[in-house]
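These notes are about the structure you will find just below.
Keep in mind that the numbers below use all heavy atoms, side chains included, and drop hydrogens, waters and symmetry copies. Counting starts at 1 for both ligands and their atoms, in listed order.
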Amino acid sequence: MKYLVIGATGNIGARVVQRLINAGARPSVFVRSTKRAKALFCDQVDIHVGDLENPGPSLGRALVGVDGIFLVTDGLDLEKRDRAVSFAANRAGVRHVVKLSTLDVRTGIGTGPWHARGENAVRESGVAFTFIQAAGFMSNAFGWSESIRREGVLRSSTGGGKIAFIHPDDIAAVATASLTTRDYDGQALVITGPEALSYGEMTDTIGRAIGKPVRFEEITDGQAYARTVEWAGKGAYADALVDIWRAVREGRLDTVTDGVKQMTGREPIPFDQWATENTASFQ
Ligand SMILES: NC(=O)c1ccc[n+]([C@@H]2O[C@H](COP(=O)([O-])OP(=O)(O)OC[C@H]3O[C@@H](n4cnc5c(N)ncnc54)[C@H](OP(=O)(O)O)[C@@H]3O)[C@@H](O)[C@H]2O)c1
């Protein structure tokens, strides 16, 4: 079987590529930078260079002989890229597209509507699909590292609300499992971490992992927006993040599922393990 990973240099895509390599496959990757792909995977992958914003013939060439695609796209208009890939895949005879989506497709919160449109585009293409509807990633907590390092504090508008963040390795494990069988065709797999935790609880966990007290400080939606605009700029992404944090505060994002266990046969990785693996970022 030949697999193509789109988004291969990213957080989840790189882990999926590595899992495919570990399983003895030689995946193809569709990347914007050969250098970045080589730095990650040396000569263990076939590299196709292109940009989904303007793929031209590069996408068609990357699809020749491919059986399955793992697809990561991002942004308000990700539907455009999901549509381009899935329609081209169907034309090229690709049998299966696994799209990284979000649990929020089911709630309409944050980036949920972006991915709902993306999922619809994939459905319309006629290609067989699996959607990975993942909860928030544990790696989002890297965004807390600067204030924790500098001031020993995490500021958030999530209040006491809880969310079951999922470890990126669990997402990659589920994505790889669904890519390498046809057992999940036509399904949307809802996957979360093992338990819903408040940001205050996760702050304490990071404090324990680094051996220093870390304080949780609640801020308003307005303050959260102003801080987000500083690095993300004004617009849909900042709006989506504040929307997600508000939903966490209001208890609308505390879903926990057994999706990881069903797909992998083991429990999902807990947040304290993620924190222990990543202490260097918070010290
Ligand atoms: N964070 C969360 O809590 C969360 C929760 C649920 C779902 N999600 C979804 O997860 C996805 C993000 O996954 P991730 O964290 O793995 O992403 P990521 O680390 O930001 O990686 C994005 C990848 O896409 C590639 N890419 C970006 N624009 C491209 C283009 N025009 N053409 C070709 N490749 C392009 C990037 O390549 P370069 O190396 O060239 O930049 C990179 O490999 C999004 O769809 C997000 O909505 C996130």
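With T205 contributing its side chain and E201 its backbone, the two residues share a donor-acceptor pair below 3.5 Å. Between the side chain of R252 and the backbone N or O of V248, no donor-acceptor pair lies under 3.5 Å. Panel note: side chain R95, backbone A128; no donor-acceptor pair is recorded below 3.5 Å. For the pair S33 (side chain) and R36 (backbone), a donor-acceptor distance under 3.5 Å is present. No donor-acceptor distance shorter than 3.5 angstrom exists from the side chain of R215 to the backbone of L154, with no hydrogens or angles considered.
Each of the atoms 31 (N) of ligand 1 lies under 4.0 Å from some heavy atom of E53. Close contacts between ligand 1 and R36 involve ligand atoms 38 (P), 39 (O), 40 (O), 41 (O) [criterion: under 4.0 Å to a heavy atom]. Which parts of ligand 1 touch T9 is read off a 4.0 Å heavy-atom cut-off, strictly below it: atoms 36 (C), 37 (O), 38 (P), 39 (O), 42 (C), 43 (O). For ligand 1, the atoms closer than 4.0 angstrom to any heavy atom of H115 are 9 (C), 44 (C), 45 (O), 46 (C), 47 (O). Taking every non-hydrogen atom of G136 and a distance limit under 4.0 Å, the qualifying atoms of ligand 1 come out as 3 (O), 5 (C). Under a 4.0 Å criterion applied to the non-hydrogen atoms of A134, ligand 1 contributes the atoms 6 (C). For ligand 1 and D51, the ligand atoms under 4.0 Å from any heavy atom of the residue are 30 (C), 31 (N), 32 (N).
With a 4.0 Å heavy-atom cut-off, ligand 1 is reached by the backbone of S101 but not by any atom from C-beta on. Neither the backbone nor the side chain of S33 has a heavy atom within less than 4.0 Å of ligand 1. Only the side chain of N140 comes within contact range of ligand 1, with a heavy atom under 4.0 Å; no backbone atom does.
Within a 6.0 Å radius of CD in Q283, other residues, nucleotides and ligands contribute more than 12 heavy atoms.
Note: W231 and Y237 have perpendicular aromatic rings, judged against thresholds of 30 and 60 degrees for the angle between ring planes.
Nearest protein heavy-atom contact of atom 21 (O) of ligand 1 is G10 CA, 3.3 Å. Here the protein heavy atom with the shortest distance to atom 25 (C) of ligand 1 is G7 CA, 4.0 Å.
Screening V16, I132, L100 for a side chain to side chain contact (heavy atoms under 4.5 Å, CB included) with V72, the sole residue that qualifies is L100.
Residues V5 and G13 come closest through the heavy atom pair CG1-O, 3.9 Å.
Remark: aromatic rings of F282 and W144 are distant, center separation not under 6.0 Å. W245 and Y225 have their aromatic ring centers separated by at least 6.0 angstrom.
Distances from atom 13 (O) of ligand 1 to the heavy atoms of V5, L71, I191, V72 show the closest one on V72. Nearest to atom 45 (O) of ligand 1 by heavy-atom distance, out of V17, L100, T111, T73, is T73.
At least one N or O atom of I12 sits closer than 3.5 Å to an N or O atom of ligand 1. Below 3.5 Å of separation, one finds no N or O of L78 facing any N or O of ligand 1. Polar contact with ligand 1: absent for T102 (N/O pair, distance under 3.5 Å).
Not a single heavy atom of Q133 lies less than 4.0 angstrom from ligand 1. By the 4.0 Å heavy-atom criterion, G75 is excluded from the residues contacting ligand 1.
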